[in-house]
Amino acid sequence: QQMEPLEAEWRRLQAENLNSLHQGYDWCQAWVQAYGRPLRIVEGRMSGRLAFILPLEIVRGRLFTKAQFIGAHHANLNTGLISPEFSSIATPEIMAAIAADLREQMTDADCIILGNMPAVWRSQTLPFSMLPHVENQNHAFQLDIKPTFVETLAQLSAKRRRKKYSVGHRRLEALGGYQHVIAETDDDKHAMLDLFFSQKSARLAEFGLPNTFACPKTRKFLHSTLTIPQDDTSFPLRMHALRMTGGDFAGEVPAVAGLSRKGDHLIVQFCSIGSGPTVEASPGELLFHLMVEMYNQQGVALFDFGIGDMPFKRAWCTHETIQVNVTLPLTSLGRLAAMKEETATRLKAMIKQNPAIYAFVQKLRTRVQAHPDGDEKGED
C-alpha cells in the first residue's frame with residue numbers, strides 16, 4: 001500500500017491543530033523511506049468525507065505480526081489524523097463498531113497496537129483512546145506558554161529557574177563565553193545531528209544504558225527530516241545548540257537539542273550534553289531556558305518535553321500527560337499478542353517504579369540491543 005494516493009487529503013487533515021506532527025505526511029514518508037516496512041493506511045469516511053487516517057506499518061516479529069503507527073518507537077505522541085467533525089461525534093459505541101470493521105478487513109496482521117496516545121489531549125478525548133487500552137509505562141511532560149516569559153516562569157519556581165540560568169551563564173562565560181545557535185545551512189544541520197549522536201552514545205555508554213539512536217535506519221530517518229521543507233511555524237526537526245566562543249574551549253558544543261514544531265505545539269525530540277569542564281555549568285538546563293524564552297515570543301502555546309520521566313522535565317513542566325496503548329486483536333494468535341503487549345506494558349510500569357530493578361534491566365537491554373541486520377527488533 002502507498003501513501004501517495006492520499007497525499008492531498010492527508011495534508012489537509014494533518015493541518016488540524018490537535019493532530020500530532022508524528023502522523024504528518026512528510027514525517028511518515030521519511031520513516032517509510034528509511035525502514036521500508038509494508039504499510040496499511042486505514043481511512044474512515046463519513047458521507048464520503050474523510051473522517052480519519054491511521055497510518056500504520058506492519059512489523060513482523062518472531063511469533064506475531066502487528067500493525068502499529070508508522071515510526072511508533074520514535075514518536076513522542078500519537079493521535080492519528082482525526083477530522084473535527086468525526087471527533088465531535090465519536091462515542092465508545094462508534095469506536096467499537098470501527099474496531100469490529102478493522103478486525104474483518106485487516107488480514108495481514110495478528111493485532112493492531114496504537115501506542116503512546118494521550119487519553120485526553122489538550123482537553124479533548126481522542127476517539128481511538130476510547131477503545132480498550134492499558135496505560136503506557138511512560139508519561140509525557142509539557143509546559144504551558146503564557147503571553148510573556150515572566151508569566152511562563154511564574155507557573156514554576158521562577159526564582160529557582162533564574163538562579164539556575166544565572167549560575168550556568170556565569171560559568172560558561174568564565175570558560176570563554178558562549179552563544180545559542182540554530183543550525184541554518186544543510187551542512188551545519190547534519191553536522192549538529194551527528195554531534196548529537198556522538199554525545200548521546202558516549203553519555204549512555206558512560207551510564208551503561210541502551211542507545212535508542214544506534215540503529216542506522218533511525219539515523220537515516222532523522223537526517224532526512226532535516227531536509228523537509230519548513231518555516232518558522234512548522235518544522236519536522238530543527239537543531240539548537242550552545243557553542244563556546246572563546247578561551248580554551250572555543251568551538252566546543254556543550255549541549256544540543258532537536259525540536260519539532262506544528263502550529264502552536266513544539267516538541268523536544270532529543271537532547272544531549274558533552275563532556276569536560278563545561279558540564280559543570282549545566283549546559284542542558286541553560287539551553288532549555290534559552291529555547292523556552294525564544295519560543296515564548298514566537299507563538300508557541302505548548303512546549304512539550306516529550307515522553308519519559310526525568311527530574312529536569314518535572315522541574316520545567318506544568319502538565320503530566322497520561323498516554324495509553326490500544327491493543328486490537330485481529331486473529332486468535334493476536335489475542336495472545338494483545339495479552340502479551342498489555343502484560344509487558346504493566347510489567348514495564350512496575351519495573352520503572354523500582355530503581356534497582358530498572359537499572360538491572362537497562363543493563364540487560366544494552367547487551368542484547370544489537371540486531372544482526374542493524375534494524376530495530378520486531379517485538380513479540
Side-chain angles (χ1 to χ4, degrees), residues 1 22 28 30-42 54-76 78 80 99 102-117 128 131-138 201 204 208-222 307-308 323-352 357-380:
Q1 192 171 358
H22 293 114
C28 289
W31 181 273
V32 170
Q33 289 172 349
Y35 273 83
R37 291 168 177 161
L39 301 182
R40 292 298 174 266
I41 312 301
V42 179
L54 292 181
L56 307 179
E57 61 181 352
I58 302 297
V59 179
R60 306 189 191 283
R62 291 176 290 269
L63 299 175
F64 311 115
T65 298
K66 62 185 177 182
Q68 64 183 25
F69 281 119
I70 292 173
H73 291 309
H74 279 271
N76 279 287
N78 297 308
L102 287 172
R103 291 188 182 98
E104 289 184 7
Q105 297 180 35
M106 289 279 289
T107 59
D108 50 0
D110 295 305
C111 63
I112 298 173
I113 298 175
L114 305 178
N116 290 1
M117 286 199 305
F128 284 91
L131 294 171
H133 60 257
V134 61
E135 183 176 319
N136 191 283
Q137 70 272 12
N138 294 309
S201 177
L204 292 172
L209 298 176
N211 183 2
T212 57
F213 297 94
C215 175
K217 292 181 180 180
T218 297
R219 295 187 177 204
K220 176 183 176 182
F221 157 69
L222 288 172
I307 195 168
Q323 298 193 352
V324 300
N325 297 346
V326 169
T327 53
L328 294 177
L330 304 174
T331 65
S332 297
L333 191 60
R335 284 193 284 273
L336 293 176
M339 185 182 301
K340 178 262 177 189
E341 187 76 19
E342 292 171 1
T343 301
T345 300
R346 292 190 176 97
L347 181 60
K348 290 173 186 176
M350 182 186 71
I351 288 172
K352 287 201 167 189
I357 295 177
Y358 184 54
F360 174 72
V361 171
Q362 290 287 65
K363 289 180 181 179
L364 288 180
R365 284 184 62 201
T366 302
R367 293 175 187 172
V368 303
Q369 184 181 48
H371 195 244
D373 63 1
D375 199 350
E376 294 177 345
K377 289 185 179 180
E379 298 177 359
D380 284 330

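Worth saying up front: this structure is predicted, and the values here are computed from it rather than measured.
The shortest heavy-atom contact between Tyr35 and Thr218 is OH-OG1, 2.6 Å. Here the closest heavy-atom approach between residue Val59 and residue Gln68 is recorded as CG2-NE2, 3.4 Å. The two residues Ile307 and Asn138 make their nearest non-hydrogen contact at CG1-CB, 3.4 Å. Residues Leu330 and Leu102 share a closest heavy-atom pair of CD2-O, 3.9 Å. Among all heavy-atom pairs drawn from Met106 and Ala67, the shortest one is CE-CB, 3.7 Å. Of all heavy-atom pairs between Cys111 and Gly334, the closest is CB-O, 4.0 Å.
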Under the side-chain contact (heavy atoms from CB on, under 4.5 Å) criterion, do Leu54 and Ile112 qualify, and how do the steps go? CA-CA 11 Å; Leu54 292 181; Ile112 298 173; 5.8 Å; no
Stepwise side-chain contact (heavy atoms from CB on, under 4.5 Å) check, Met117 with Phe128: CA-CA 8 Å; Met117 286 199 305; Phe128 284 91; 3.9 Å; yes
Where do Asn325 and Asn116 land on the side-chain contact (heavy atoms from CB on, under 4.5 Å) test, with the steps shown first? CA-CA 6 Å; Asn325 297 346; Asn116 290 1; 4.1 Å; yes
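Here CD1 of Ile58 is found 4.5 Å from CG of Asp108. Values are rounded to the nearest 0.5 Å. A distance of 7.0 Å separates OG1 of Thr212 from CG of Leu204, quoted to the nearest 0.5 Å. Atom CD in Gln323 sits 7.5 Å away from atom CG in Asn78 (nearest 0.5 Å). Considering CG of Leu336 and CG of Asp110, their distance stands at 9.5 Å, rounded to 0.5 Å. Summarising the geometry, atom SG belonging to Cys215 is positioned 11.0 Å from atom NZ belonging to Lys220; distances are rounded to the nearest 0.5 Å. Put simply, CG on Leu56 and CG on Leu114 are 6.5 Å apart, with the number rounded to the nearest 0.5 Å.
By the 30° and 60° cut-offs, the orientation of the rings of Trp31 relative to His74 is tilted.
Between Arg60 and Pro38, some side-chain heavy-atom pair lies under the 4.5 Å cut-off.
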